[in-house]
> 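If you scroll down you'll find the structure; I have some questions about it.
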Amino acid sequence: MDIRLKKQKDFDAVFSKGKRVYSKTLTLLYIPNNNFKFGISLSKKHGKANIRNRIKRLIRASVREVIKGKTLNNYNVVILPKVLEEYSFIDIKNDVLYTFKKGNIVND
RNA sequence: AGAGACGGUUGUACGGCUGCGGGAAUUAUUAUUCACGAGGAAAGUCCGAGCUUCACAGUAGCAGGGUGCCGGUUAACGGCCGGUGAAGGUGACUUCAAGGAAAGUGCAACAGAAAACUACCGCAACGAAAGUUGUAAGGAUGAAAAGGCGAGGUAAGAGCUCACCGUUCCCAUGGUAACACGGGAAGCAGUGUAAACCCCACCCGAAGCAAGAUAGGAUAUAUAGUAAGAGGCUACGGCGCUAUAUAUCGAUUUAUUCGCUCGAGCCUAUCGGUAACGGUAGGCCUAGAUAGAUAGCCGUAUUAAAUGACAGAACUCGGCUUACAGACCGUCUCGCUCC
RNA sequence: GGAAAAGUACCCAAGAGGCUCAAGGGGCUCCCCUGCUAAGGGAGUAGUACGUUAAUCACGUAGCGCGGGUUCGAAUCCCGCCUUUUCCG
């Protein structure tokens, strides 16, 4: 099943109506929906194309590890990374786990 | 050992577990297995092409744009290779939009008498003087002032005359040519700017894969119009075209599919060529995503170190330009010390 | 992905080869007016950096996004980069 959030309308809805959870490295936005879907939003401020790709890979890998073997509540989620000088996998993974729990998106 | 010039290569490799992208096979709708999966710049979008659409992509001219020493190379180019000339460097070598200023027009601030067929001061002759005539040595201004320098000559001077240098033209030789070298002639009709307009030679239809397949369209009938209409414009050729109404088939949105990867392709050997490049033979198939696939953890090896140096394909090629930690290789230059 | 446009003081900006050249507004500073403020009126700041000076004035050099080139001379012409903005289904 495809868990990627794709449409511009969905992104707009999350940005305008979504609840927010903050952490050191990223911000999480979410609204209720039929399924679980997530997307990532980046701008040119984060760096050139290779850096933006790397951030997306790190977040995707983090989300895969976090949601593995767990039941999910139905939300549309958008992750907004903050502009940092360096991005480490461990910090991002911890923050993904923290924000997902705080937003009540994953069940233990 | 030092300083430097030029050219080239590389941009960690292999393995395990958990995962991603499209593909193939086997299953038979859910899995398994297999091999493959970013770059030298993928970048900037600065040139040149393929491909697609625009009504035909025809001819001539105008407008607009580009290129500009010579020869070669190529599908093509403003690229590349080789040569010539000029400038810079002790040198290896580097840089150069490098045609035309007696086809015409414009511009040259300030200063200076004058910025193009000049004459302020000056010099000389004549004259009582005012001034007239001759002149362009010297002064002064400027980025630039009418070949330079020396001698002769003269009232004073001046290519006025001569030698040398420079310039232009002609001839001979060498070279495919740019040009070089040698000889001769011309007293030198004249500054700079063409990345000012322009002239000359050559080249160019436009838009772009968000193109497009695809569509306010097609077909039929009727009526009307017109020798008109449609590339940036004009003319010619060629083409029946336009408007309205009715009918039928369709379409406008969104999503999907195709375009989408075998190509002026890559590698190796060899032959021709100074080289760019071309020929021949053999081998190879090597990303095709669309919120956009390469990540995480760990081990081994090489190493001075390896944790991204610069950096991510989006239709595809040929170049140019720009970014780039470090490592390695080759050819050559300079002066110094020692043997 | 593709196609265009623009960069000049703190802000908005004119200038399109040469002269007092980096016009002119707004802002800012000071003064007048007022019990105080706003508005209004007047004057100015100097423009940014560096150097000369004890300091001011004054002068010189650089400077129109950055780096080269053409020219006697470049904000202006040409080339290459950088940044910002806009458009295209």
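Just so it is clear, the values below take in all heavy atoms, side chains as well, and ignore hydrogens, waters and symmetry mates. Here is how names work: the chains are called A, B, and so on, in the same order as the sequence lines, proteins then strands, and each is numbered from 1.
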> Can you tell me the distance, in whole Å, between the CZ atom of A/Arg64 and the C1' atom of B/rG21?
11 Å
> Provide the Watson-Crick or G-U wobble partner of B/rA276, both distances under 3.5 Å; none if there is no partner.
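Partner of B/rA276: none found under 3.5 Å.
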> What is the distance from CD of A/Glu65 to C1' of B/rC17, rounded to the nearest Å?
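Computing the A/Glu65:CD to B/rC17:C1' distance gives 12 Å.
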> Answer whether the closest heavy-atom distance between the side chains of A/Tyr30 and A/Val21 falls below 4.5 Å.
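They are in contact (side-chain heavy atoms under 4.5 Å apart), so the answer is yes.
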> Considering only the P atoms, how many Å lie between B/rC179 and B/rA207, rounded to the nearest integer?
39 Å
> Work out how far the P atom of B/rU303 is from that of B/rU337, and round it to whole angstrom.
41 Å
> Is there a Watson-Crick or G-U wobble partner for B/rC51 with both distances under 3.5 Å, and if so, which one is it?
B/rG208
> For B/rU219, which nucleotide is its Watson-Crick or G-U wobble mate, given both distances must be under 3.5 Å?
B/rA247
> Can you tell me the Watson-Crick or wobble partner of B/rG19, both distances under 3.5 angstrom?
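Paired with no nucleotide.
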> Given the rule in the side chain to side chain contact (heavy atoms under 4.5 Å, CB included) test, do A/Leu80 and A/Leu26 qualify, once you have shown the distances and angles that lead to the verdict?
CA-CA 6 Å; A/Leu80 287 173; A/Leu26 52 87; over 6 Å; no
> Nearest to the side chain of A/Phe11, heavy atoms from C-beta on, is which of B/rA295, B/rA293, B/rA291?
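Selected nucleotide (nearest to the side chain): B/rA291.
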> Would you check, one step at a time, whether the test side chain to side chain contact (heavy atoms under 4.5 Å, CB included) holds for A/Leu97 with A/Asp95?
CA-CA 5 Å; A/Leu97 184 63; A/Asp95 280 342; over 6 Å; no
> May I ask which nucleotide in the shown strands pairs with C/rC30, Watson-Crick or G-U wobble, both distances under 3.5 Å?
C/rG42
> Using whole Å, report how far CG of A/Leu58 lies from P of B/rU18.
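After rounding, the reported distance stands at 21 Å.
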> Nucleotide by nucleotide, 5' to 3', does protein get under 4.0 Å of the base (B), only the sugar-phosphate (S), or neither (-) in nucleotides 306-312 of chain B, counting heavy atoms?
--B--BB
> Could you tell me how far B/rC47 sits from B/rC62 if I compare only their P atoms? Round to whole Å.
26 Å
> Without decimals, in angstroms, what is the distance between A/Asn76 CG and B/rA291 C1'?
13 Å
> Grab the CD1-C1' distance between A/Ile40 and B/rU290 for me, whole Å please.
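Rounding to the nearest Å, CD1 of A/Ile40 and C1' of B/rU290 are 16 Å apart.
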> For nucleotides B/rA306 and B/rG39, find the distance between their P atoms and express it as a whole number of Å.
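It comes out at 24 Å once rounded to the nearest Å.
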> With a 4.5 Å cut-off on side-chain heavy atoms, are A/Phe36 and A/Asn73 touching?
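Result no, sub-4.5 Å side-chain heavy-atom pair not found.
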> Among A/Val78, A/Ile105, A/Val96, whose side chain to side chain contact (heavy atoms under 4.5 Å, CB included) with A/Leu28 holds?
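Of A/Val78, A/Ile105, A/Val96, side chain to side chain contact (heavy atoms under 4.5 Å, CB included) with A/Leu28 is met by A/Ile105 alone.
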> Just label C/rA16 as syn or anti from its O4'-C1'-N9-C4 or O4'-C1'-N1-C2 angle, using within 90° of 0 for syn.
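Base orientation relative to the sugar is syn.
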> Classify the glycosidic conformation of B/rA38 as syn or anti, calling it syn when the angle lies within 90° of 0.
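You should classify B/rA38 as syn.
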> Taking atom P of B/rU290 as reference, at what distance in whole Å does atom CG of A/Leu5 sit?
16 Å
> Should B/rA289 form a Watson-Crick or G-U wobble pair with both distances under 3.5 Å, which nucleotide is its partner?
none
> Take a 6.0 Å sphere around NZ of A/Lys24 and say whether it holds more than 12 heavy atoms from other residues, nucleotides or ligands.
no
> Quick check on RNA chain B: between A/Phe38 and A/Ile90, whose nearest nucleotide comes earlier from the 5' end?
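It is A/Phe38 whose nearest nucleotide is closer to the 5' end.
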> Taking the C1' atom in each of B/rC203 and B/rA196, what is the distance between them to the nearest angstrom?
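Looking at atom C1' only, B/rC203 and B/rA196 are 24 Å apart.
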> Figure out the NZ/P separation between A/Lys56 and B/rA38, and round it to whole Å.
18 Å
> Applying the Watson-Crick and G-U wobble criteria at under 3.5 Å, what pairs with B/rA201? Answer none if nothing qualifies.
B/rU67
> Starting from P on B/rG296, measure out to CZ on A/Arg60 and report it in whole angstrom.
12 Å
> Could you walk me through whether A/Lys82 and A/Thr25 pass the side chain to side chain contact (heavy atoms under 4.5 Å, CB included) check?
CA-CA 6 Å; A/Lys82 295 189 178 174; A/Thr25 60; 5.9 Å; no
> Under the rule syn = chi within 90° of 0, otherwise anti, which is B/rG40?
syn
> Which whole number of Å gives the distance between the C1' atom of B/rG138 and that of C/rG18?
32 Å
> Would you tabulate the side-chain donor-acceptor contacts of residues 59-66 of chain A under 3.5 Å, counting partners in other chains and residues two or more places apart, or write 'none'?
from    : atom 1 : to      : atom 2 : distance (Å)
A/Ser62 : OG     : A/Leu58 : O      : 2.7
A/Glu65 : OE1    : A/Lys93 : NZ     : 2.8

> Is there side-chain contact between A/Leu5 and A/Phe38, with heavy atoms separated by less than 4.5 Å?
no
> Measuring only the P atom in each nucleotide, how far is B/rA49 from B/rA76? A whole number of Å is fine.
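Those two atoms are separated by 10 Å.
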> Looking only at atom C1', what distance separates B/rA228 and B/rG205, rounded to whole Å?
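Their C1' atoms lie roughly 25 Å apart.
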> What is the pairing partner of C/rA54, taking Watson-Crick or G-U wobble pairs with both distances under 3.5 Å in any strand?
none
